[in-house]
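One is the number of the first residue; the rest follow in order along the sequence.
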Amino acid sequence: MYDAAVSENRRRAERLSSSARILWKRQGDDFLQLDRVRDVSAQGAFVVSDAVSEPDAALEFELHDEAGRALASGVAKVVRLGDGGMGIAFLDVTIDAAEVSQSMPPPRPPPPLPAAAPPLPTAPAATSDEWVAPQLEPLSVPPLDRVIIGIDLGTTNTCAAWVDERVGEGRPQIIPGRTGGNTIPTMINFDTDGRIHVGQRAADRQILYPRRTVYGSKRLIGRTWQPELAAEAQGHFAYPLGEAEGQRFGIDLGDQVVSMDAVAARVLREVRATAEDFLQREVRSAVITVPAYFSEVQREAVRRAAFMAELTVHRIVNEPTAAAVAYGHARGEEARVAVWDFGGGTFDFSVVDIRDERYEVVATGGDNFVGGADFDDELASMILERFLEAEGLEELEPTPQQIARLREAAELTKRALSVQSEFDVRLTDFAREPKRDLSVTITREDFEARTAPLVERTLTIARGVLLSASILPEEIDDVVLVGGTTRIPAVQRAVAELFGRRPSKRINPDEAVAHGAALLGHEISAGEGPVLLDLLPMTVGHAIDARRFVPVVKRNERLPCVEVLTFGGDLLGRIQVPLFQGESPDAAQNEYLCTVVVEDARLRDGERAQIRLSFDEHCLMAIDAFVERSGKPLEVTLDRERPLEDILQDLGAFDGPPAPEAWQLPETRISKVLGKLFGFFRKK
Ligand code: ADP
Ligand code: MG
């Protein structure tokens, strides 16, 4: 059997054309390399690579065809070194696991999805209990006679746009903020007299009232409150975090805790009001963008926020996809583009194939916890360190005001260093006792040295995403930079180096996402629209004992998708399944979504209950349950009330392998094979 598999495999290897590629690493290394292969035969191949190994070095490898399908894998050794590469001899080759599984009978298809839900009603006028999260209907087909604006609700800045058919041949136009700029800061300030300031006015008040001014709310929107996560997050925020209703993150104002969802709602309400003033008509509809790397609950929270702002959302679209739409609209050719979206708080990387009116995301990944704000934090500490050094002080516990001033100075310095090689930071009366001004000089060199790890983190993510889809950097036709942080020269250099080309200057990094959303909104209102094919950004699974995370729908699965969980008849009565989203083997390290509860699952002998998870093209989840063979529906509820701590307590302590490092190869079929082969996920 084994021999047959090997010879079959070799035959296949022989058939490979020169377009084959190889994913390989030296034994014992963590480092993975993706290269082209030439002259493949049953005995070996020539690997075209810069990362050549010594003769006799043992390699673990996986061969892919052009479409990225893993064909064969095994162990090889380096036999000769050539110009621009190395020869390898196959020692032990195994047939690809996924190919084998194709011979197994296909699983029984689940019964059809429940009938289409009624259309989404227009949002009602806001009431006094505006902070209470409503239950939402699924997204709907919009009426045709409305303007649907596009909103890029950014971590740092929010930008809105629309398409005015009368001008610019259907090109999107930015809706300016009240103070004239094209974007407004995503901030709100709570006055002690009950007034709320949004956007630039909130930003202006931050220095005076750091504890009552919310920034970065998008980093925490929709997330379930967890004391440890909160303690860690608190370090990034100058305002006190608190637990808002429904286990949500919020700002603690002393007399009440206002959730981040409600904060986002206020920003969206402001955007809507500004748009109404500008367009001189009612605005009730929008396409809203979110980071591709947003979890299901975060997407749902954005929709809820829009609802509270009396906006009907017609599409939740991933920011990089929207940027690709803006790019595709401007360029109108076939292309494979990489979108490098580096904003204030998040990094998103996607590869999108554009063909006619079709946008297909072929790979995506990112990090919700790296962005321009981290560069500010590094610079702020650096400025403080320099100040202490100059003053001969040992330490200083900065007050919230000092932190706010330092952060503001750091951001200013960072922007300046994007265009000049050094910058003098001056803060008068920075310290009170003894009274001292702060005056330090920061060079671009210092800044780059200090923040290099942040840039490296994004490179690592992007390389992982490319590897997982078996895409070589040179196969990218164009690189699109999105987000303010891509204005940093070191970021541009790193991107240019990775792809061996200068990024496109065709689109505006601050406006591309809103432009794309506006284009989509316009096309939806005209009853058509480009085809957007997206991927599930993070694995969704459930937790079992010892907090172990069992993946159900794997990350990078094409949307829409459906997966079914089956439970045996010995589980009488009640079924409870806590769902999480993320890549850690420890469920608690992932994002808690909800607990699926089937109250009355009394099954007859041999019957099994099935819970079905369906993700629509917006990446929103629907759940239903039924009896396996008969398809008889079972009543299912989603519990989001039970404290997460209690759920984790019931599951016990985590006893699995330690969580993998912050970044990992996106879990696809290929990386699954690799994970097995190389112990990639088992790495320390
Ligand atoms: P988001 O999508 O998170 O709202 P943006 O795309 O608006 O973010 O980017 C905001 C980030 O970009 C902030 O951290 C800001 O400091 C940074 N930024 C804006 N302009 C520059 C610049 N010229 N140089 C460096 N960073 C910049
Ligand atoms: Mg952005």
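Remark: Ser584 OG to Arg548 CZ distance equals 12.5 Å, nearest 0.5 Å. In this structure, the separation between CZ on Arg205 and CD on Gln200 is 13.0 Å, given to the nearest 0.5 Å. Taken from CZ in Arg463 to CG in Leu459, the straight-line distance is 5.0 Å, to the nearest 0.5 Å. The line from CD of Glu300 to CD1 of Ile221 is 11.0 Å long, rounded to the nearest 0.5 Å. The CG atom of Leu241 sits 9.0 Å away from the CG atom of Asp252 when rounded to the nearest 0.5 Å. Taking OG1 of Thr413 as the reference point, atom CG of Asp446 lies at 11.5 Å (rounded to 0.5 Å).
With hydrogens and angles disregarded, a donor-acceptor distance shorter than 3.5 Å links the side chain of Lys414 to the backbone of Gly372. The backbone N or O of Thr399 sits less than 3.5 Å from a side-chain atom of Gln402, completing a donor-acceptor pair. Remark: the backbone N or O of Leu454 is not paired with any side-chain donor or acceptor of Thr451 at under 3.5 angstrom. Under a 3.5 Å cut-off, the side chain of Arg212 and the backbone N or O of Phe190 do form a donor-acceptor pair. Looking only at distances, a side-chain donor or acceptor of Arg555 sits under 3.5 Å from a matching main-chain atom of Thr364. With hydrogens and angles ignored, the 3.5 Å screen pairs a side-chain donor or acceptor of Arg219 with a backbone N or O of Gly345. In this structure a side-chain-to-backbone donor-acceptor pair under 3.5 Å is missing from Thr321 to Val317. A donor-acceptor pair under 3.5 Å is formed between the side chain of Asp374 and the backbone N or O of Gly371. Checking side-chain atoms of Glu296 against main-chain N and O of Met621 turns up a donor-acceptor pair under 3.5 Å. No donor-acceptor distance shorter than 3.5 angstrom exists from the side chain of Gln226 to the backbone of Leu644, with no hydrogens or angles considered.
No option in Leu396, Ile403, Val440 other than Leu396 meets the side-chain contact (heavy atoms from CB on, under 4.5 Å) test with Leu384. Each of Ile507, Val482, Val361 was evaluated against Val339; a single residue qualifies, Val482, per the side-chain contact (heavy atoms from CB on, under 4.5 Å) test.
Side chain to side chain, Ser418 and Arg487 fail the donor-acceptor criterion of an N or O pair below 3.5 Å. Counted by atom type alone, Glu511 and Asn182 present one or more donor-acceptor pairs between their side chains at under 3.5 Å. Donor-acceptor pairing under 3.5 Å is lacking for the side chains of Gln247 and Thr224. Defined by atom type and a distance below 3.5 Å, a donor-acceptor pair is missing between the side-chain atoms of Asp639 and Thr595.
Heavy-atom neighbours of Gln234 CD from other residues, nucleotides or ligands within 6.0 Å: above the threshold of 12. At most 12 non-hydrogen atoms from other residues, nucleotides or ligands lie less than 6.0 angstrom from CD of Glu645. At most 12 heavy atoms of other shown residues, nucleotides or ligands fall within 6.0 angstrom of atom CD in Glu408. Heavy atoms from other residues, nucleotides or ligands lying under 6.0 Å from CD of Glu232 number 12 at most. Within a 6.0 Å sphere centred on CZ of Arg201, other residues, nucleotides and ligands contribute 12 heavy atoms or fewer. No more than 12 heavy atoms of other residues, nucleotides or ligands shown are found within 6.0 angstrom of CZ on Arg211.
Below 30°, between 30° and 60°, or above 60°: for Phe249 and Trp225 the angle between ring planes is between 30° and 60°, a tilted geometry.
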If you apply the rule side-chain hydrogen bond (donor to acceptor under 3.5 Å, both in side chains), what do you find for Ser285 with Thr312, and how did you get there?
CA-CA 5 Å; Ser285 300; Thr312 303; 5.1 Å; no
What do the steps show when you test Tyr215 against Tyr239 for ring pair (Phe, Tyr, Trp, His ring centres under 6.0 Å), and what is the final call?
CA-CA 9 Å; Tyr215 60 88; Tyr239 55 90; 5.4 Å; yes
Are Glu391 and Arg436 close enough, and set up right, to give a salt bridge (charged side-chain N to carboxylate O under 4.0 Å, His left out), and what steps lead you there?
CA-CA 9 Å; Glu391 297 297 327; Arg436 288 275 190 284; 2.3 Å; yes
Report the C-alpha separation of Arg299 and Asn318 in whole Å, then their side-chain angles, then the decisive distance to 0.1 Å, and conclude whether the side-chain hydrogen bond (donor to acceptor under 3.5 Å, both in side chains) test is met.
CA-CA 10 Å; Arg299 283 159 201 267; Asn318 289 336; 2.9 Å; yes
Before you tell me yes or no, could you show the steps for Asn189 and Gln206 under side-chain hydrogen bond (donor to acceptor under 3.5 Å, both in side chains), namely the whole-Å CA-CA distance, both residues' side-chain angles and the distance that decides it to 0.1 Å?
CA-CA 7 Å; Asn189 167 267; Gln206 192 191 19; over 6 Å; no
Under the side-chain contact (heavy atoms from CB on, under 4.5 Å) criterion, do Phe430 and Leu406 qualify, and how do the steps go?
CA-CA 9 Å; Phe430 179 70; Leu406 276 172; 3.8 Å; yes
Derivation of the salt bridge (charged side-chain N to carboxylate O under 4.0 Å, His left out) call for Arg223 and Asp261:
CA-CA 10 Å; Arg223 304 183 88 111; Asp261 306 21; over 6 Å; no
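Ion pairing between a basic and an acidic side chain is recognised when a charged N comes within 4.0 Å of a carboxylate O; Lys218 and Glu319 show such pairing. At a threshold of 4.0 Å, the pair Lys435-Asp429 counts as salt-bridged, since one of the basic side-chain nitrogens sits closer than that to a carboxylate oxygen. A salt bridge is absent between Arg407 and Glu411; no separation between the charged side-chain nitrogens and carboxylate oxygens falls under 4.0 Å. Remark: Glu310 engages Arg272 in a salt bridge, criterion side-chain N to carboxylate O under 4.0 Å.
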